[in-house]
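Chain identifiers are assigned alphabetically (A, B, ...) following the order of the sequence lines, protein sequences preceding nucleic acid strands; residue numbering begins at 1 within each chain.
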Protein chains: 2
Amino acid sequence: MKKTSIKDIAKLSGVSIATVSRVINNNGRFSEETRKKILDVIEETGYQMNFSAKSLRMNKSFSVGILVPDISNYFFSDVVQKIEEELFELGYSTIICNTGRNIEKETAYLNMLRSKLVDGIIVISGVDEFVFHYDDIPYICIDREPLKKEKTIFISSNHYQGAFEATESLINNGCKHPAILMYDRQSSSAKERFKGYKDALKKNNISYNESSHLLLSGLEENFTENLQAFLERTDQVDSFFAVNDTLAMKLFSSLKELGEKIPEDFKIIGFDDSPLAHYSSPTLSSVKQNTDKIAQLTVKNLIDFISSGKIINYQTILVPVELVVRNSSLNN
Amino acid sequence: MKKTSIKDIAKLSGVSIATVSRVINNNGRFSEETRKKILDVIEETGYQMNFSAKSLRMNKSFSVGILVPDISNYFFSDVVQKIEEELFELGYSTIICNTGRNIEKETAYLNMLRSKLVDGIIVISGVDEFVFHYDDIPYICIDREPLKKEKTIFISSNHYQGAFEATESLINNGCKHPAILMYDRQSSSAKERFKGYKDALKKNNISYNESSHLLLSGLEENFTENLQAFLERTDQVDSFFAVNDTLAMKLFSSLKELGEKIPEDFKIIGFDDSPLAHYSSPTLSSVKQNTDKIAQLTVKNLIDFISSGKIINYQTILVPVELVVRNSSLNN
DNA sequence: TTGTACGCGTTATCAT
DNA sequence: ATGATAACGCGTACAA
């Protein structure tokens, strides 16, 4: 059985296609009588508009694409989920694209999205600088500084502020030598956090020294050995600002392996305020990103962009973060 | 500037639309010469097929929808990510729909997906029994037992096996009274786990008694008090099988609050083998679901279903799970 | 207030 | 091997 189309509705209602269309979209004029009749028939038949036809006709797909490095990461899944919710309310569906930080997959996705006539694209984070090839499709960057910052909208947490406050909080709790633990790869957010960390040191008259302050690492197996070597090389270290909660937890388990106690021997602050932070022992101090705000701003700006056809005002929006202090960075 | 269409390509190549279409889709015959020419022009103009037109014509959208309760849950995001990857390889894009366990949102999404002519739908979990209203669109259920099991494909971890092994592992490690901690809501997977737990008790001659074996809970604030009351009511409890890792972590922190030690005073095993399990202290024993396998089976079956237009063989596929023993359930 | 007719970009059928 | 053309479902300019 074929699906009912607008033509069927017209026939069943005894009116023309045009009238049905007008009623459905509530534009043009029509009598209350015909409106009722048509709506009845629609109800009855379970008619649903064909999006492909509508898209083709209107050159608009009512869907937006989201490029995200890794949906199983807490911060990403959290923002994506919230964005998706807001967009759904507005009648948009969301095509989520996991790029796995792979530049080719990113490009392939971008092409597919364009091909599908998505009305807009949201790009979340990623390692490399982002070159957007198409100038005919609205997009917004979250957490990843675009190349032509002055020609786009860029929304991000204030990573600098978060790192600064975290570091200073360690210092205020008596730490003399806070180290920073971060990944090898350099996202724009990581850079900001690094800057915030260093500036906090500087403000408190602690001179930064790469070999004794910076521990680069991934989640590799031999992390504990790296950590041990680092601690031996620079035995004044008394605390860590970890660039995210996962790294902080890695630190937890490795330090414990080495027989160290948290927070007695080492104080630690993480970033993201993921569920990990609530359940670890000790509970983990962490910088909380305001994903609600980020999602809301993103959707609003994108939709404005889409419907006006141009960016109202190019801008960089920095969303404040909040340091949540728990046991891992407290005295006693 | 308008986007280049197949018509433009035809004009620029000096051939007809039909020929261009044939070259693009590699069907019908054409000379190598014209093929080259057309491909050149396509390359040059950066032409991209219009999916809306193609969908309209072919009545196929090259996209599938995924209904998922909560993408920020580890297991869900993990499967979804893997499914999305496989589908992408096959030229499908994935529309992810967060239902938040809300039945109305679920229905709304279902309608939207149908409206967008998705070629198939994947339904992951959820609390209620699932009634699929449309019989004209292929779908597969993961982790949520569909109502008409004999008329669909149902793919799920062997929750029963996992719970059974987890419980028996506790018993083999000397536990005399393993309790189960689970949510209030009753998903089909929860029911299976519950059954596995009870059967393991039975096999080991431990008689199950609701008030001293079953602790129902969410993540509410007063969990610690509930736990305390439970432990006082039934002071033989020496271990817990938690129905997922998040609950297990909640147990960790509440037990510690009560001054209890893990695994000395209580042994604990969780479910999902989420990252939490690796980083907690002690590390958490947990049942690992084979998300790779689940994703792979799901995509294969769905694609078969889509391309053949019918289900080859209705079936329920149970994917084995694996108990990963860590410190939280070991002696010493 | 309502109807007619065209076009969106593509694929597929039927000619040539 | 290639071209002309109908059809997919919808919105809208124009006519009535």
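Listed nucleotides D:dG11, C:dT2, C:dT10 differ in distance to A:K54; the shortest reach to its side chain belongs to D:dG11. Which of D:dG9, D:dG3, C:dT10 sits closest to the side chain of B:T19 comes down to D:dG3. Side-chain atoms of A:K7 lie closest to D:dC8 of the nucleotides C:dC8, D:dC8, C:dT10. Checking D:dT2, C:dC8, C:dT2 against the side-chain heavy atoms of B:S16 singles out D:dT2 as nearest. Among the nucleotides C:dG9, D:dC10, D:dT2, the one closest to the side chain of A:S5 is D:dC10.
For the pair B:E33 CD and D:dA1 P, the interatomic distance rounds to 12 Å; values are reported in whole Å. The nearest whole Å value for the distance from the CG atom in B:L117 to the C1' atom in D:dG9 is 10 Å. One interatomic measurement links the two molecules: CZ of A:R22 to P of C:dG3, which rounds to 8 Å at whole-angstrom precision. Per the geometry, CE belonging to A:M49 stands 19 Å off P belonging to D:dC8, to the nearest Å. Between the CG atom of B:N25 and the P atom of C:dT13 there is a distance of 13 Å, given to the nearest Å. The nearest whole Å value for the distance from the NZ atom in A:K3 to the P atom in D:dC10 is 10 Å. Between the CG atom of B:L56 and the P atom of D:dG11 there is a distance of 12 Å, given to the nearest Å. Between the CG atom of B:N59 and the C1' atom of D:dC8 there is a distance of 8 Å, rounded to whole Å.
Taking 4.0 Å as the cut-off between side-chain N and carboxylate O, A:K293 and A:E86 do not count as a salt-bridged pair. A salt bridge is defined here as a Lys NZ or Arg NE, NH1 or NH2 lying under 4.0 Å from an Asp or Glu carboxylate O, and B:D304 with B:K300 meets this definition. Using a 4.0 Å cut-off between charged side-chain N and carboxylate O, B:K82 and B:E85 make no salt bridge.
Contacts of B:F51 with the nucleic acid, taken as non-hydrogen atoms under 4.0 Å apart, are absent. Among the heavy atoms of the strands lying under 4.0 Å from B:I17 is at least one base atom, whether or not backbone atoms are also near. Within the 4.0 angstrom heavy-atom criterion, base atoms lie near A:S21. Using a 4.0 Å heavy-atom criterion, one finds that A:T34 contacts the sugar-phosphate atoms exclusively.
For B:S31 and D:dT2, the shortest distance from a side-chain N or O to OP1 or OP2 is below 4.0 Å. The phosphate of D:dG11 has neither OP1 nor OP2 within less than 4.0 Å of any side-chain N or O from A:N27.
Residues B:A18 and A:R35 both approach DNA chain C. Their nearest nucleotides, taken by heavy-atom distance, put A:R35 toward the 5′ side.
Looking only at atom types and distance, the side chain of A:S55 has no donor-acceptor partner in the side chain of A:S52 under 3.5 Å away.
Atom CD1 in B:I153 sits 5.5 Å away from atom CD in B:Q315 (nearest 0.5 Å).
Ring geometry for B:F51 against B:F62 counts as perpendicular: the plane angle is over 60°, on a 0 to 90° scale with 30° as the lower cut.
At a cut-off of 3.5 angstrom, counting only N and O atoms as typed in the model, there is no donor on one side facing an acceptor on the other between the side-chain of A:R57 and the base of C:dG9.
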